[in-house]
Amino acid sequence: MPLKRPSFSSARTPRIRAVVYAVCAACFLLLCAAPGPVHAAPAGEPSASSPASTPQAVTRDFFAYLLRPKTDILHDKDAQQRWLSETLRKSLNSAAQAVAKARKLPGVDGPDPAMPDNGTFLDSWDLLTQCAVREGKTQELPMPGVKKQGVFTRVSVFCRWGEKTNYPGLTRAGTVILVPQAGSWRIKDIVWETNEYADAESVARSLLMLKNQSEQLAEEMKPPAKKR
């Protein structure tokens with residue numbers, strides 16, 4: 001005798017249907033809550049894995065931008081506005097203007113002085129392969145070099161060079177200093193620690209030195225004034 005197809009008009013149907021709906025709803029909530037893999041966010045878009053206003057998210061997205069091919073922090077004003085503090089933006093553009101002025105003078109050739117670029121923020125001409133954000137610590141203390149008190153955050157990063165670079169396997173640690181500006185966290189400086197090939201260095205200090213050296217070179221190479 002063939003099995004009879006159950007009728008949805010039976011008295012048990014509402015109970016079965018309720019159970020099915022409950023199971024489906026539970027599965028949907030679990031899928032939505034499950035953590036997904038963290039991918040580098042495209043330039044100009046916030047990370048989907050965490051709020052873009054947290055210091056760790058800002059740091060992670062900025063380094064993903066620096067390591068992405070064909071990005072140019074010097075000419076990408078939107079990227080500067082999104083991630084850099086006002087003082088660091090001014091330092092970057094002031095250094096670039098000084099370099100451009102020096103390189104226009106006759107007799108100045110070769111690679112130096114070089115325009116600041118993504119590598120300036122990584123303190124390396126051979127770009128790093130991977131960087132990971134380790135931890136963040138918010139402090140309400142006077143920031144080094146800043147007279148007035150204010151809130152700032154230090155975020156630790158750990159970076160490495162891959163096999164297809166000039167420094168395969170080499171690692172370097174750094175500290176990103178962020179300050180609250182315009183409703184989010186902005187990068188004020190990046191301080192890199194010493195490793196096998198490089199001394200400790202600060203991005204803000206590097207930009208200031210590049211500006212001063214370029215201005216000094218421009219002064220030295222300036223043609224003598226014509227005698228009347």
Quiz prompt | Pairwise distance OG1(Thr129) to OH(Tyr167) - rounded to 0.5 angstrom | solution = 12.5 Å

Quiz item: So do Val155 and Ile177 actually touch side chain to side chain, heavy atoms under 4.5 Å?
Solution: no

Practice problem: Could you name each residue pair satisfying ring-ring contact (aromatic ring centres under 6.0 Å, His included) that touches residues 90-112, not counting sequence neighbours? | Solution: none

Quiz item: Looking at Asp189 and Ala204, what are the two nearest heavy atoms and their distance?
Solution: OD1-N, 2.9 Å

Quiz item: So which heavy atom on Leu127 is nearest to which on Trp161, and how close?
Solution: O-CD1, 3.7 Å

Quiz prompt | Non-hydrogen side-chain atoms of Leu92 and Leu74 separated by less than 4.5 Å | solution = yes

Self-check item: Verdict with reasoning, Leu88 to Ile187, per side chain to side chain contact (heavy atoms under 4.5 Å, CB included)
Solution: CA-CA 8 Å; Leu88 194 56; Ile187 296 172; 4.2 Å; yes

Quiz item: What heavy-atom pair brings Val58 and Ser184 nearest, and what distance separates the two atoms?
Solution: CG2-OG, 4.2 Å

Self-check item: Side chain proximity check, Leu84 to Phe62, heavy atoms < 4.5 angstrom
Solution: yes

Quiz item: So do the side chains of Asn166 and Tyr197 get within less than 4.5 Å of each other, counting heavy atoms only?
Solution: no

Quiz item: Applying the 4.5 Å side-chain criterion to the ILVMFWY set and letting contacts propagate, would Trp125 and Leu207 be lumped into a single cluster?
Solution: yes

Self-check item: Inter-residue atom distance Glu193.CD - Asp199.CG, 0.5 Å rounding
Solution: 12.5 Å

Quiz item: Measuring from Asp126:CG to Lys164:NZ, what's the distance to the nearest 0.5 Å?
Solution: 13.5 Å

Quiz prompt | Pairwise side-chain contact, Trp192 with Arg172, heavy-atom cut-off 4.5 Å (strictly under) | solution = yes

Self-check item: Close side-chain approach of Thr171 to Asn195, heavy-atom, < 4.5 Å
Solution: no

Practice problem: To the nearest 0.5 angstrom, please state how far the NZ atom of Lys90 sits from the CD atom of Gln97. | Solution: 12.0 Å

Quiz prompt | Whether Ser214 side chain and Ala102 backbone form a donor-acceptor pair below 3.5 Å | solution = no

Practice problem: Assess whether side chain to side chain contact (heavy atoms under 4.5 Å, CB included) is satisfied between Val157 and Val176, documenting all intermediate values. | Solution: CA-CA 7 Å; Val157 293; Val176 182; 4.0 Å; yes

Practice problem: Quick one: pull up OG in Ser85 and NZ in Lys188 and give me the separation to the nearest 0.5 Å. | Solution: 5.5 Å

Quiz item: Looking at residues at least two apart in the chain, or sitting in another chain, which of them share a salt bridge (Lys or Arg N to Asp or Glu O under 4.0 Å) with Arg205?
Solution: Glu201

Quiz item: If you look at every heavy atom in Gln80 and His75, which pair is closest and at what distance?
Solution: NE2-N, 4.4 Å

Practice problem: For Leu217 and Pro113, work out which heavy atoms get closest and say how close. | Solution: CD2-CD, 3.7 Å

Please set out all donor-acceptor pairs under 3.5 angstrom arising from side-chain atoms of residues 114-122, sequence neighbours excluded.
residue: Asp117; atom: OD1; partner: Gly119; partner atom: N; Å: 3.0
residue: Asp117; atom: OD1; partner: Thr120; partner atom: N; Å: 3.3
residue: Asn118; atom: OD1; partner: Ile73; partner atom: N; Å: 3.0
residue: Asn118; atom: ND2; partner: Leu66; partner atom: O; Å: 3.2
residue: Asn118; atom: ND2; partner: Thr71; partner atom: O; Å: 3.3
residue: Asn118; atom: ND2; partner: Thr71; partner atom: OG1; Å: 2.9
residue: Thr120; atom: OG1; partner: Asp117; partner atom: N; Å: 3.0
residue: Thr120; atom: OG1; partner: Asp117; partner atom: O; Å: 3.3

Quiz item: Under 3.5 Å, side chain of Ser94 to main-chain N/O of Ser91, donor-acceptor pair present?
Solution: no

Self-check item: Reported CD-to-CG distance for the pair Glu196 and Leu170, which is rounded to 0.5 angstrom
Solution: 6.0 Å

Self-check item: Worked check of side chain to side chain contact (heavy atoms under 4.5 Å, CB included) between Val133 and Arg60
Solution: CA-CA 6 Å; Val133 175; Arg60 183 185 60 248; 3.9 Å; yes

Quiz item: Given Asn93 and Lys211, is the side chain to side chain donor-acceptor pair (under 3.5 Å) satisfied, shown in steps?
Solution: CA-CA 10 Å; Asn93 292 295; Lys211 175 179 179 291; over 6 Å; no

Quiz item: Do Glu220 and Gln216 touch side chain to side chain, with heavy atoms closer than 4.5 Å?
Solution: yes

Self-check item: Nearest heavy-atom neighbours spanning Cys131 and Phe63
Solution: SG-CD2, 3.7 Å

Quiz item: Is any side-chain heavy atom of Trp185 closer than 4.5 Å to a side-chain heavy atom of Thr54?
Solution: no

